[in-house]
Structure formats: C-alpha cells, structure tokens
Student: 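This is the structure I want to talk about, given as structure tokens.
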Amino acid sequence: MFPSRAQANHRSPPRAQVGRWIEPHRLPPYPSRSMSSPLRVRIAPSPTGAIHLGLARTALFNWAYARGRKGQFVLRLEDTDRARSTRESETAIIEGLRWLGLDWDEGPELGGDYGPYRQSERIDRHRELMGSLMETGHAYACFCTSERLSEVRERQQAANETPRYDRCCREIPIEEAQVRAASGEAFAVRFKVPTGQTGFQDLVRKEVVFENGEIDDWVMVRQSGDPTYNFVVACDDADMEITHVLRGEEHLVNTPKQVLLYAALGVSAPVFAHLPLLLGKGRKKLSKRDGGVSLSDYRDQGYPREAILNFLCMQGWALDGETDVFDLATFVEHFDLEDVSRGGAIFDFDKFLWLAGEYLHKETDEVLAEHCLPFVVDAGLFNEVDLRARWDWYLSVIAMEKERIRIYSELPGRMAYLCAPDDQVEYLPKAEKGARKHEGRTQTLTDYLAWLPEHSSKPSAELAEETKAWLAEREQKIPLLFQPLRCALTGLPGGPDLFEVMDALGQAATLDRIRAGVERLA
RNA sequence: GGCCCCGUCGUCUAGUCUGGCCUAGGACACCAGGUUUUCAUCCUGGCGACAGGGGUUCGAAUCCCCUCGGGGUCACCA
C-alpha cells in the first residue's frame, strides 16, 4: 500500500488510514442536499494572527446571510499550518468576532453535530478521503523530488510557459507506485485533473468557467503527510454540508480545483459567492502597510462598535445608494448576494472616521462617558476611582466636548487642558498667536480678573451675557477679551463655550489661569 | 507572461439583468458662504464621473465587439 517515510517521523497521528483501500460504495454517505435542507454557511479563518478587516467583513456577510435566511453559521478553524497557528490567535479571533456582536451556531468552542471544528482534528477523515480518491483513480502518488520540481519550473519559466507540474508521475502503474511507496520512497498525493471544463455558480459574478487544461495537478497531501488547504477546505465543507461559500475574491481561482474535488467525491458543490477585495491606496489588496487593517486597531482606537459594523456592511454592498447610516437589523433584512458589487474598492479611512462620529454623537452622555473612560485613564489624566468620584463633572465635560470628537480615544486629548497645572497650561502656537494680536489684552484681562469674582457664581449663560454687557460698556469688541481668555484658560485655539469651561474648571482655577495668562501673554 | 475577475465624480456607491423617468442621484473628502466668542456641529451652495473606439437602436451608463487600464492568481502557504 502506501506507507510513507514520513509516517515514522511525523508528529501527526499514525497514517494507518492512508493505505487502507476503501471501496467507493462504502464511502461514508454524504447526506443529500434536498431543497428543504437548511442553508449553511461558514467562515474558515486560519488562527495565525489578528482579525483582518477582510475577515471581519466576510464573517459579517456570512452571518447576515444565514440570519436573514434562517440558516446556520459555522466557525471552523483552518489550522493546517501548524507552525503558524496558535491558540492565542484562535482565542483572539473568537473574542474579536464576539465583540463585534456576531454569533455562530457551531464552532470549536461550541461544538455541534458536524465537529470537530478544528481542521487539525479532522486529519483522519482527510486521510480516509485521500485514500478513497486514490482508489477511485482521482488522485495519484507523485514521487518527484522538490529539486526536480523546481527544475521543471525553471525550465518552463525560461521557455515563457506557465509553470505547472508536468504530470510526470501521473501514469505510473498503481502496482509500481505501491511497491515504491512500500520501499519507503517519499511521495505526495496529487489530484488527477480530468479534461474538459469546470464551471460553477457564483452569486456575485454569475457563472464562471475554467478550462481544465489550465488547472494544475495540484498537491492534495504533502510528502510530510499534511494535507493542503485546497483539499481539506473542500472535504470539510462537504462533510459539514455547507451550502454556500462566501469568501474573498482571492479564492476565485482555487474554486475550480475544489469543484472538481467535489465531483470526484461524488457530492454536489456548494454555491459560491466571491466578495470583492478590500483595497489599499495603490488599489492593491489591503495590507499591513496600509495601516490599521486589524479589527482590533479600531476597537483599540475607540471606534464605536456599531460604526465598525455599519462600515463593514458598506464594503461591497450598499443599502439603496442614498443611506449610509443603518443598523445591523436593516442589513440582515436587505442583504442579498446578488447586490454585492464586483469590483474591489479602496478602503476609505476618512469616511470610516466620519461614520464613527455619526455613531458617537448619537450616544447618550452617560454611555459615551463609559466608553471614553478607559481612554481617559490610559492617557493618565485620572485613575478610574477618582473619575467615578466626580462623575457629574465628567459628564459635563463629555457633554461639552462631545461634538468635537469622532472616536473615544480623542477625548483625552480634548480635555487634557482641564488637568494641567493652572500656571503651566500648554499654549498652542495658534492659540497664543490669536491672543497676542490684541493690543489691549493685558489690561482687559486684568480688568476682567477684577470684575469676575463678583459675578462668577452665576449660571454660565448668564455670566456670558453679563460679560458681553461689560465689554459693551467699555466699548470693546468681544474677541479682545475672548481670545486671550481662551488661551489663558485652555491654551487651545478652539473649544467649547468659555463659560462652560469656567464651570468645569471651577472659580479658583479660572482665576489662577487668568492671572497666569496676564503674565504669560504680556 | 498564461488564466480569471473587474472598470460610473479624487474615494465609496445608486442606476446596468428588465435600453427612454439620467440634464447621471447620494455620501466622504475638498472649496465657498451663513450660524457661533473660537473650534466643532448645523444649514446653503460649488467642484466633480459613465476608460476609449466601433457597432445595434428612433433612443445606450445600460445590449454586442475590439482596445486600453486595474486587480487577483499561478507553492508540497492559507
């Protein structure tokens, strides 16, 4: 049969199944997919890193498609690359998707009727299917060495041909192959691509057809005994009765290989839907160099969760061409694969920020305060206990600064001036310049400092009116006082109503800051 | 390079299947004006696209052909 050299030293379970011929008719039966069987979709991320925005989008579309059609959504971990797969990444993916608000019906941490849900744990089944495919003549052992393979590739490239396997081992008689394998010669298993054409239904791109002559006799199982992605993904999708495969367009060219495999396995292929790629600035696949490509980047920067979800919905899909802001329920209700756009689109970071602001501004002060709290603490402005002890004050700051921030992490920068020492408020150049352009600033500020204590106990709106009246009496324009005052109080060129700022500062700090301002702006 | 996918304002997108309602709509960005003590918000306005060329048709963003452009993929990675 086909024991391999790898059998002895490979750390995976013994390959007992490999050489066990299974009669085709004894293949474990695949449940037939009748019209009444439920729609089943899945995502199959490899746990090798953080959640990329593309994965988040794919997950969201799968989830919405299932939820909108009473289907089931499955999470399966593609951990075939053992060197790169980690449990930390697995946990991060599960937590990240949960944080987004997605839920799935079956998964590695949940179990389900089609488990296990880690590809590495399905290895016996993959070997079983490999064996039967060899038995039925759909796959064959390839004894070529990697040296020979690269030689062939180089020769093809030199001749300007498409590099592909020359099918050298394809016609080796099965008896001979068995003898060579038994003698310990290493081999990989390749799929025997038939002649003809392979087409499939793609709900986004209609029908797609490939010439089989263009398809390589691809490797299903490596010499090491490890199956490859194209092999296991189709096996698992078949076993799990996945009915619709929604994934990124980079997988489009893999699809005919998988479709051929389904046919060899004797099962019908699922319906596909290849989603347009998320692109970076240069119209190339969005990658790390584009910055901020992980879901966690946005969570950590304080993008509202609903804004992230909403924006993800718009990556390849539009509600009506008019409405940009809509919730998940609306998405689930209206989402259809036929409406997914075909062209890849550049990820618009500007619009994302804008949308974040739309959601942030809709939050109540209380909710926003909670969302911003960790960022304020992280910035070192307050510890949580102190901040909670003066919650009403914090809420007033939130109300005051709300319209100027779009993401939670922007608050600490906006309110930092409130925490500065009163004689050392950092004056931004633009603010100081604006203050200094008024000739009578020092005198006006000094006079105001004298006038203020008797009036500052009044509500801010009233104080504002009285201050303006005071200025009118002196026949002075408003900016003459307000610009130096703003600089003294906040050091910023813009910001909330000055009298609300005074409220937040308190009388003592207000007076101290004006006093310091008289000197510093002299 | 082969194969495959795609092509509407700077960007995202509606309209394309089922030609006429398109003088091509909306949003972000940008610019100008208004509101405001400033910034922000908000309001008003502006800028700005059917890749190109041939057909078919009374009529084409929409159907057909060609060209050009962009992307994806060509592993014993996933």
Side-chain angles (χ1 to χ4, degrees), chain A residues 44-46 48 78-81 83-85 119 142 144-146 149-150 153 157 160-165 186-190 202 204-206 208-211 213-216 218-230 232-233 248-256 274 276-277 279 281-285 311 314-325 338 341-355 357 361 401-406 414 430-431 434 464 467-468 471 477-483 485-487 490 492-499:
Chain A
S46 50
T48 53
E78 211 100 339
D79 59 345
T80 47
D81 186 338
R84 292 196 301 143
S85 298
Q119 219 149 45
C142 169
C144 293
T145 60
S146 58
L149 257 20
S150 45
R153 193 172 309 129
Q157 275 164 346
N160 231 328
E161 290 168 24
T162 305
R164 79 179 70 155
Y165 181 56
F187 66 95
V189 178
R190 288 181 184 270
D202 189 302
V204 174
R205 283 146 229 281
K206 307 298 163 214
V208 183
V209 181
F210 288 79
E211 291 293 332
E214 300 293 336
I215 306 171
D216 208 1
W218 51 284
V219 171
M220 287 168 33
V221 180
R222 303 182 180 91
Q223 280 188 5
S224 67
D226 291 325
T228 62
Y229 165 79
N230 278 119
V232 292
V233 76
E249 196 194 327
E250 68 265 33
H251 291 289
L252 190 62
V253 293
N254 283 326
T255 309
H274 288 94
L277 258 19
L279 270 25
K281 266 281 171 282
R283 288 215 151 269
K284 295 200 186 299
K285 265 203 301 189
F311 199 63
M314 300 196 285
Q315 302 309 304
W317 185 82
L319 179 57
D320 54 11
E322 305 269 313
T323 315
D324 283 326
V325 184
E338 324 261 339
S341 48
R342 287 170 289 280
I346 295 176
F347 194 81
D348 192 340
F349 294 96
D350 282 338
K351 193 162 182 174
F352 194 9
L353 232 202
W354 164 80
L355 190 64
H361 296 149
E401 295 288 358
K402 191 177 187 175
E403 64 200 16
R404 257 165 299 273
I405 63 175
R406 288 101 98 216
R414 289 287 342 166
K430 207 175 165 191
T467 298
K468 285 176 193 168
L471 279 167
K477 297 256 198 244
I478 286 171
L480 172 62
L481 170 67
F482 281 47
Q483 278 196 295
L485 188 55
R486 178 172 297 282
C487 181
T490 71
L492 304 172
D497 178 86
L498 275 180
F499 302 92

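Every chain is numbered from 1 and lettered A, B, ... according to where its sequence line falls, protein lines coming before strand lines.
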Student: Nearest of B:U13, B:U73, B:G2 to any side-chain atom of A:Ala345?
Tutor: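 When the side chain of A:Ala345 is considered, B:U13 is the closest of B:U13, B:U73, B:G2.
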Student: Give a yes or no on whether a donor-acceptor pair under 3.5 Å exists between the nucleobase atoms of B:C5, that is its base, and the side chain of A:Arg342.
Tutor: no
Student: Working to the nearest 0.5 angstrom, can you tell me the gap between A:Phe347 CZ and A:Leu279 CG?
Tutor: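 It is 12.0 Å, given to the nearest 0.5 Å.
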Student: Counting only side-chain N and O atoms of A:Arg283, is one of them less than 4.0 Å from OP1 or OP2 of B:C5?
Tutor: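 A:Arg283 to B:C5 OP1/OP2: no side-chain N or O under 4.0 Å.
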Student: When the C1' atoms of B:C17 and B:A60 are considered, how many whole Å apart are they?
Tutor: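 The same atom, C1', in both gives a distance of 15 Å.
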Student: Using a cut-off of strictly less than 4.0 Å, decide whether A:Ser341 has a side-chain nitrogen or oxygen near OP1 or OP2 of B:U13.
Tutor: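 Result: yes.
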Student: Can A:Glu249 and A:Lys285 be counted as an ion pair, charged N to O under 4.0 angstrom?
Tutor: no
Student: Counting any heavy atom closer than 4.0 Å, what does A:Leu277 reach on the DNA or RNA strands: base, sugar-phosphate only, or nothing?
Tutor: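 Result for A:Leu277 = sugar-phosphate.
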Student: For A:Phe349 and A:Phe311: C-alpha separation, side-chain torsions, deciding distance, then whether ring pair (Phe, Tyr, Trp, His ring centres under 6.0 Å) applies.
Tutor: CA-CA 10 Å; A:Phe349 294 96; A:Phe311 199 63; 8.7 Å; no
Student: Provide the Watson-Crick or G-U wobble partner of B:C31, both distances under 3.5 Å; none if there is no partner.
Tutor: B:G45
Student: Going by an N to O cut-off under 4.0 Å, is there a salt bridge joining A:Arg84 and A:Asp79?
Tutor: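 Here A:Arg84 does not pair with A:Asp79 in a salt bridge, since their nearest N and O are not under 4.0 Å apart.
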Student: From the options B:A78, B:C39, B:C76, select the nucleotide whose nearest atom is closest to the side chain of A:Arg404.
Tutor: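 The closest nucleotide is B:C39.
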Student: Contact class for A:Gly495 (heavy atom, under 4.0 Å): base, sugar-phosphate, or nothing?
Tutor: base
Student: Can you find a heavy atom in the side chain of A:Tyr165 that is under 4.5 Å from one in the side chain of A:Cys142?
Tutor: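 When only atoms from C-beta onward are counted, A:Cys142 and A:Tyr165 do touch, with a gap below 4.5 Å.
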Student: Could you work out the separation of B:A24 and B:C47 based on their P atoms and round it to a whole Å?
Tutor: 12 Å
Student: Tell me whether the side-chain N/O atoms of A:Lys351 come closer than 4.0 Å to OP1 or OP2 in B:A27.
Tutor: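 Checking B:A27 against A:Lys351, no side-chain N or O comes under 4.0 Å of OP1 or OP2.
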Student: Suppose you measure atom P in B:A61 against the same atom in B:A51; what distance do you get, rounded to whole Å?
Tutor: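 Approximately 10 Å lies between the P atom of B:A61 and that of B:A51.
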Student: Using a heavy-atom cut-off of under 4.0 Å over every strand shown, decide if A:Asp216 touches base, sugar-phosphate, or nothing.
Tutor: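 Nothing, no nucleic acid heavy atom in range.
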Student: Could you measure between the two C1' atoms, the one in B:C63 and the one in B:U57, and give it in whole Å?
Tutor: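 Going atom to atom, C1' in each nucleotide, I get 10 Å.
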Student: Reckon A:Cys144 touches a base, only the sugar-phosphate, or nothing at all at heavy-atom distances under 4.0 Å?
Tutor: base
Student: Quick one: label A:Gln483 by what it contacts on the DNA or RNA (base, sugar-phosphate, nothing), any heavy atom closer than 4.0 Å.
Tutor: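 Nothing, no heavy atom under 4.0 Å.
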Student: Looking only at the side chain of A:Arg190 (C-beta and beyond, no hydrogens), which of the listed nucleotides B:C76, B:A29, B:U73 gets closest?
Tutor: B:C76
Student: Can you tell me how far C1' of B:U11 sits from CE of A:Met314, to the nearest Å?
Tutor: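 My rounded result for the distance is 12 Å.
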Student: Touch check for A:Ala188, heavy atoms < 4.0 angstrom, all strands: base, sugar-phosphate only, or nothing?
Tutor: base
Student: Output the single nucleotide from B:A78, B:C76, B:C3 whose closest atom is nearest the side chain of A:Asp81.
Tutor: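 Selected nucleotide: B:A78.
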Student: What is the separation between atom CG on A:Asp324 and atom P on B:A27, rounded to the nearest whole Å?
Tutor: 8 Å
Student: From B:A27, B:A78, B:G2, pick the nucleotide closest to the side chain of A:Thr162?
Tutor: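 Comparing B:A27, B:A78, B:G2 against the side chain of A:Thr162, the answer is B:G2.
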Student: Does B:C76 have OP1 or OP2 under 4.0 Å away from a side-chain N or O of A:Thr228?
Tutor: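 For B:C76, OP1/OP2 do not have a side-chain N/O of A:Thr228 under 4.0 Å.
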Student: Under 3.5 Å, is there an N or O donor on one side and an acceptor on the other linking the side chain of A:Asp348 and the base of B:A29?
Tutor: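 Result: no qualifying N/O pair found.
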Student: Are any of the side-chain heavy atoms of A:Trp218 and A:Thr228 separated by less than 4.5 Å?
Tutor: yes
Student: A:Phe482 or A:Asp320: which one's nearest nucleotide on RNA chain B is closer to the 5' end?
Tutor: A:Asp320
Student: Taking any heavy-atom pair under 4.0 Å as a contact, classify A:Thr48: base, sugar-phosphate, or nothing.
Tutor: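 It contacts nothing in the nucleic acid.
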Student: Name the residue closer to the 5' end of RNA chain B, choosing between A:Ser46 and A:Ala318 according to the nucleotide with the nearest heavy atom.
Tutor: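 So the residue in question is A:Ala318.
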Student: Considering only heavy atoms from C-beta outward, does the side chain of A:Trp354 approach that of A:Asp324 to under 4.5 Å?
Tutor: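 A:Trp354 reaches A:Asp324 side chain to side chain.
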Student: May I have the distance from A:Ile478 (atom CD1) to B:U38 (atom P), rounded to whole angstrom?
Tutor: 8 Å
Student: Going by heavy atoms in the side chains, are A:Leu252 and A:Arg205 under 4.5 Å from each other?
Tutor: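 A side-chain contact under 4.5 Å exists here.
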Student: Say you pick atom C1' in B:C30 and the same atom in B:G10; how far apart are they, in whole Å?
Tutor: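 Per the computed distance, 9 Å lies between those C1' atoms.
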Student: Would you indicate which nucleotide in B:C4, B:C12, B:A29 comes nearest to any side-chain atom of A:Asp350?
Tutor: B:A29
Student: Side chain of A:Glu322: nearest nucleotide among B:G26, B:C76, B:A27?
Tutor: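 Of the candidates, B:G26 comes closest.
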Student: Could you check whether any side-chain heavy atom of A:Lys430 comes within less than 4.5 Å of a side-chain heavy atom of A:Leu492, counting everything from C-beta outward?
Tutor: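 No, side chains not in contact.
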Student: Would you tell me if any nitrogen or oxygen in the side chain of A:Arg164 comes within less than 4.0 Å of OP1 or OP2 on B:C74?
Tutor: no
Student: Work out how far the C1' atom of B:A14 is from that of B:G25, and round it to whole angstrom.
Tutor: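 Looking at atom C1' only, B:A14 and B:G25 are 7 Å apart.
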Student: With a non-hydrogen cut-off below 4.0 angstrom, is A:Phe210 in contact with a base, only sugar-phosphate, or nothing?
Tutor: sugar-phosphate
Student: Using atom P in both nucleotides, what's the gap between B:C50 and B:U11 to the nearest angstrom?
Tutor: 12 Å
Student: Take the protein atom CD of A:Glu214 and the nucleotide atom C1' of B:C5, then report the distance between them rounded to whole Å.
Tutor: 15 Å
Student: Does A:Lys281 put a side-chain nitrogen or oxygen below 4.0 Å from OP1 or OP2 of B:G10?
Tutor: no
Student: Give one of base, sugar-phosphate or nothing for A:His274, where a contact means two heavy atoms less than 4.0 Å apart.
Tutor: nothing
Student: Which one, B:G72, B:G25, B:C5, comes nearest to the side chain of A:Leu252?
Tutor: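 Out of B:G72, B:G25, B:C5, the nucleotide with an atom closest to A:Leu252's side chain is B:C5.
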Student: Between B:A29 atom C1' and A:Leu355 atom CG, what is the distance in whole Å?
Tutor: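 Roughly 15 Å, once rounded to whole Å.
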Student: Considering Watson-Crick and G-U wobble pairs with both distances under 3.5 Å, what does B:G1 pair with?
Tutor: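 Checking every strand shown, B:G1 finds its partner in B:C74, with both distances under 3.5 Å.
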Student: Give A:Lys402 one of three labels, base, sugar-phosphate or nothing, depending on what nucleic acid heavy atoms sit under 4.0 Å from its own.
Tutor: nothing
Student: Taking the P atom of each, how far is B:G55 from B:G59, in whole Å?
Tutor: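 So the two P atoms sit 12 Å from each other.
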Student: Given B:C76, B:U73, B:C3, identify the nucleotide with an atom nearest to the side chain of A:Lys285.
Tutor: B:U73
Student: Counting side-chain heavy atoms from CB outward, which of B:G72, B:U38, B:A29 is closest to A:Lys284?
Tutor: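 That would be B:G72.
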Student: Could you check whether A:Lys206 gets within reach of a base, just the sugar-phosphate, or nothing at all, counting any heavy atom under 4.0 Å?
Tutor: nothing
